[in-house]
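As structure tokens, the structure follows; a few thoughts come after it.
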Amino acid sequence: MSENLPAATVRTRVRVPLRFGDGYTVDAEMVTFHGLVDGAEHLAIVLGDPGATPAPLVRLHSECLTGDVFGSARCDCGPQLREAVELIAATGGYLLYLRQEGRGIGLYNKLDAYALQDDGLDTYAANAALGLPEDARDYSAAAQILTALDAERIRLLSNNPDKADQLTALGVDVAERVPTGAHVTDTNLRYLRAKVEHTHHTIALTELAG
């Protein structure tokens with residue numbers, strides 16, 4: 001981890017069995033932390049046996065109330081969360097649930113941006129029109145968490161190259177970036193295309209055709 005970041009420590013570990021709407025169940029351990037640099041209540045979810053591999057599979061999942069909880073079809077967050085839990089449980093690793101709603105702009109601002117998207121702006125232009133960063137996420141706390149869990153060499157489950165770049169700069173050894181699936185709906189197609197074209201997410205454009 002970067003020498004500029006203070007060490008975080010584990011606060012609490014607690015077993016929480018997970019059950020998803022499609023019936024999938026898995027045992028998990030949720031871990032909280034002291035000393036995270038942004039003061040947010042980020043969470044690590046331990047799935048499977050991370051110690052069984054020298055580079056556990058890790059997903060940095062930014063909180064999305066609309067997608068994760070209410071099943072919004074305007075994004076792919078809920079399906080990505082469900083997919084990640086099963087993939088990580090199969091190989092052993094961690095899902096970091098990061099309190100970064102709306103790429104870090106917050107819930108109310110995200111919904112304001114949705115209103116602008118209804119008027120024709122894409123997800124990045126809508127943020128800019130509100131005077132907000134296109135993506136305000138910082139993964140320093142994620143690097144602290146991985147270090148506290150002794151997971152300084154990982155396989156990163158993500159289509160977003162910025163996550164890998166930031167973690168690498170923070171001293172985390174990203175051995176591989178593993179893409180997630182393309183979870184396409186009629187209402188999130190423009191959103192996914194914007195991620196590919198604007199921030200070079202590794203989603204095959206052929207999967208976003210039509």
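Side chains are part of it too, since the values below use all heavy atoms of this structure and drop only hydrogens, waters and symmetry mates. Quick caveat, the model's predicted, so the values are computed rather than measured.
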When every non-hydrogen atom of Ala8 is compared with those of Ala148, the smallest separation belongs to O-CB, 3.5 Å
In this structure, OH of Tyr139 is separated from OG1 of Thr168 (nearest 0.5 Å) by 13.0 Å
Separation between CG (Leu157) and OG1 (Thr180), nearest 0.5 Å, reads 6.0 Å
- Query: Among the clusters formed by ILVMFWY side chains lying less than 4.5 Å apart, do Val58 and Leu36 turn up in the same one?
  - Reply: yes
In Val46, Ile45, Leu47, Val14, the residue satisfying side-chain contact (heavy atoms from CB on, under 4.5 Å) with Glu29 is Val46
So, do Thr53 and Thr91 sit near enough that their side-chain heavy atoms are less than 4.5 Å apart? no
Validation row: Thr123, Arg103 side chains within 4.5 angstrom (heavy atoms): yes
message: Is there a side-chain contact between Leu121 and Asp119 in this structure, where contact means two heavy atoms from C-beta onward sitting under 4.5 Å apart?
response: no
State whether the side chain of Asp49 and the backbone N or O of Gly92 hold a donor-acceptor pair below 3.5 Å, judged by distance alone.
no
In terms of heavy-atom contacts, Ala175 and Ala55 come closest through CB-CB, 4.5 Å
Min side-chain heavy-atom separation Arg59-Gln80 under 4.5 Å: yes
Q.
Hydrophobic clusters here meaning ILVMFWY residues chained together by side-chain heavy-atom distances under 4.5 Å, can you tell me if Tyr94 and Ile88 are in one?
A. no
Greater than 12 external heavy atoms within 6.0 Å of Glu176's CD
yes
Closest non-hydrogen atoms of Val37 and Ser140, given as atom of the first, atom of the second and distance, are CG2-CB, 3.8 Å
Nearest heavy-atom approach of Gln144 to Leu5 is CG-CD1, 4.3 Å
Side chain of Asn127, backbone of Glu134: donor and acceptor closer than 3.5 Å? yes
Next item on the list: Measure the shortest side-chain to side-chain distance between Arg137 and Asn160 over non-hydrogen atoms and say whether it is less than 4.5 angstrom.
Entry: yes
The complete set of ring-ring contact (aromatic ring centres under 6.0 Å, His included) pairs with one or both residues in residues 61-88, sequence neighbours excluded, reads His61-Tyr97
Here the pair of heavy atoms bringing Pro56 nearest to Gly93 is CB-CA, 3.8 Å
* Asked: Val16, Tyr24: one ILVMFWY side-chain cluster at the under-4.5 Å cut-off?
  -> yes
In short, ring-ring contact (aromatic ring centres under 6.0 Å, His included) pairs touching residues 28-51 with sequence neighbours left out are none
Worksheet item: With a 4.5 Å heavy-atom cut-off, do Leu95 and Leu81 have their side chains touching?
Response: yes
Output for pair (Asp112 CG, Leu107 CG), nearest 0.5 Å, gives 9.5 Å
Same apolar cluster: Leu132 and Leu65, side chain cutoff 4.5 Å
no
May I ask you to decide if Asp138's main-chain N or O and Gln100's side chain share a donor-acceptor pair within less than 3.5 Å?
yes
- Flag the pair Leu167 / Ile154 as yes when at least one side-chain heavy-atom distance between them is below 4.5 Å, and no otherwise. yes
- Query: Tell me, do Tyr114 and Thr66 make a side-chain contact under 4.5 Å, heavy atoms counted?
  - Reply: yes
Between the OG atom in Ser158 and the CG atom in Leu60, the distance rounded to the nearest 0.5 Å is 7.0 Å
With the 4.5 Å side-chain cut-off for hydrophobic clustering, are Val69 and Leu98 part of the same group? no
What one should report as the nearest heavy-atom pair of Ala164 and Val174 is O-CG2, 4.1 Å
Here the gap from Asp27 atom CG to Leu18 atom CG, rounded to the nearest 0.5 Å, amounts to 8.0 Å
One should read off an interatomic distance between Glu101 CD and Glu63 CD, to the nearest 0.5 angstrom, of 5.0 Å
The salt bridge (Lys or Arg N to Asp or Glu O under 4.0 Å) partners of Arg11 (sequence neighbours excluded) come to none
Before you tell me yes or no, could you show the steps for Leu43 and Val31 under side-chain contact (heavy atoms from CB on, under 4.5 Å), namely the whole-Å CA-CA distance, both residues' side-chain angles and the distance that decides it to 0.1 Å?
CA-CA 6 Å; Leu43 187 69; Val31 188; 5.9 Å; no
Review point. Salt-bridged, Lys163 to Asp135, with N to O below 4.0 Å?
Key: no
